[in-house]
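Within every chain, numbering begins at 1; the chains are lettered A, B, ... in the order of the sequence lines, protein sequences first and strands thereafter. Just so it is clear, the model here is predicted, and its values are computed rather than measured. Note that these values count all heavy atoms, side chains included, but never hydrogens, waters or copies made by symmetry.
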Amino acid sequence: MHGSAVGRIVETEAYLGLQDRAAHAWRGITPRTKVLFGPAGHAYVYLIYGMYECLNIVADKEGEPGCVLIRALEPVAGLSAMRKRRGLLNKDVRDHELANGPGKLTIAMGITRAHNGADLTRGRLVVCDGTEEKFETGVSPRIGIRHNADWPMRFYIAGNTSVSRFQSSGRPGR
DNA sequence: CAATAGATCATCT
DNA sequence: GATGATCTATTGC
């Protein structure tokens with residue numbers, strides 16, 4: 001354990017079910033995707049490229065495997081804990097690089113496949129409403145996918161250049 | 001800054 | 001046996 005941390009979600013992507021070939025659940029239920037077919041508000045965490053883990057929030061009713069991939073966080077608290085988990089204690093890396101990518105944020109927050117299926121409305125790992133702050137949203141195609149590479153399903157906080165640096169540097173499409 | 005290579009393995013065909 | 005919702009280091013302009 002390295003300590004607790006808080007981050008604001010500043011970049012996401014939506015994945016649908018059978019109608020979205022880019023989604024893991026497009027073929028239906030498998031051992032891996034079964035939590036996607038469960039109730040909303042739970043975590044779906046999977047291993048990508050054999051090395052990194054990605055966090056999703058199940059976001060549709062039971063039986064409908066819609067989910068939201070969390071792509072980037074703006075670190076809010078516990079920055080040193082995030083830095084420790086990233087192994088960046090003695091490295092010259094800026095705060096905005098701590099969680100500006102799907103694989104980076106899981107490491108920074110200490111999220112692993114052990115959290116797969118966790119209830120995100122209560123417990124150690126929580127996702128909740130933030131402030132009343134208003135912000136503009138931007139939309140673009142999703143990043144790093146082969147199928148449906150032109151669907152506008154990536155959403156991020158826009159209209160604020162100081163926030164964009166907390167978002168991933170990947171370009172849409174593939 | 002852009003493009004590329006390599007690491008590394010659970011999952012599904 | 002091929003694939004992939006990524007990241008880092010490196011090379012080339």
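Among the nucleotides dT8(B), dA5(C), dT13(B), the one closest to any side-chain atom of R27(A) is dT13(B). The listed nucleotides are dA5(C), dC7(C), dT6(C); the one nearest the side chain of K104(A) is dC7(C). Minimum atom distance to the side chain of L47(A) is reached by dC9(B), of the listed dT6(C), dC9(B), dT8(B). Closest to the side chain of I145(A), from the set dA5(C), dT6(C), dT11(B), is dA5(C). Closest approach to the T30(A) side chain among dA5(C), dC12(B), dT8(C) is made by dC12(B) (side chain taken as heavy atoms from C-beta onward). Which of dA7(B), dT6(C), dC12(B) sits closest to the side chain of M51(A) comes down to dA7(B). Set against dC12(B), dA10(B), dT6(C), the side chain of Y52(A) has dT6(C) as its closest nucleotide.
A centroid separation of less than 6.0 Å is found between the aromatic rings of Y46(A) and H24(A).
In this entry the distance linking CG of N148(A) with P of dA5(C) reads 12 Å, nearest Å. Following rounding to the nearest Å, L98(A) (CG) and dT6(C) (C1') show an atom-to-atom distance of 17 Å. For the pair R32(A) CZ and dG4(C) C1', the interatomic distance rounds to 9 Å; values are reported in whole Å. Atom CD1 of I57(A) is separated from atom C1' of dA5(C) by 15 Å (rounded to the nearest Å). Counting to the nearest Å, the P atom of dT3(C) and the CH2 atom of W26(A) are 14 Å from each other. Atom CD1 in I29(A) sits roughly 16 Å away from atom C1' in dC12(B) (whole-Å rounding). Between the CG atom of N56(A) and the P atom of dT6(C) there is a distance of 11 Å, given to the nearest Å. Rounded to whole angstrom, the span from the OH atom of Y46(A) across to the P atom of dC12(B) amounts to 13 Å.
No engagement by R21(A) is indicated, since no non-hydrogen atom pair under 4.0 Å with the nucleic acid exists. Heavy atoms of R154(A) sit nowhere under 4.0 angstrom from any nucleic acid atom. Among the atoms of the strands shown, only primed sugar atoms or phosphate atoms (P, OP1, OP2) are found under 4.0 Å from some heavy atom of G103(A).
The side-chain hydrogen bond (donor to acceptor under 3.5 Å, both in side chains) analysis of residues 120-130 of chain A, with sequence neighbours excluded, yields the pairs D119(A)-T121(A).
Stacking annotation: Y49(A) is not stacked on the base of dG4(C) (requires ring centroids less than 5.5 angstrom apart and an interplanar angle below 30 degrees).
Here R142(A) does not pair with D150(A) in a salt bridge; the nearest charged N to carboxylate O distance is not below 4.0 Å. Using a 4.0 Å cut-off between charged side-chain N and carboxylate O, R71(A) and E13(A) make a salt bridge. Using a 4.0 Å cut-off between charged nitrogen and carboxylate oxygen, E97(A) and R83(A) do not count as a salt-bridge pair.
Residue H24(A) places none of its side-chain N or O atoms closer than 4.0 Å to OP1 or OP2 of dT11(B). Contact check, R146(A) against dG4(C): a side-chain N or O comes under 4.0 Å of OP1 or OP2. One finds a side-chain N or O of R71(A) lying less than 4.0 angstrom from the OP1 or OP2 phosphate oxygen of dT6(C). Distances shorter than 4.0 Å separate none of the side-chain N or O atoms of R142(A) from OP1 or OP2 on dT6(C).
Applying the Watson-Crick and G-U wobble criteria (two distances, each under 3.5 Å), dT10(C) pairs with dA3(B). In this structure dT8(B) sits in no base pair that meets the Watson-Crick or G-U test at under 3.5 Å.
Separation of atoms NZ (K104(A)) and CG (N100(A)) is listed at 4.0 Å; rounding is to 0.5 Å.
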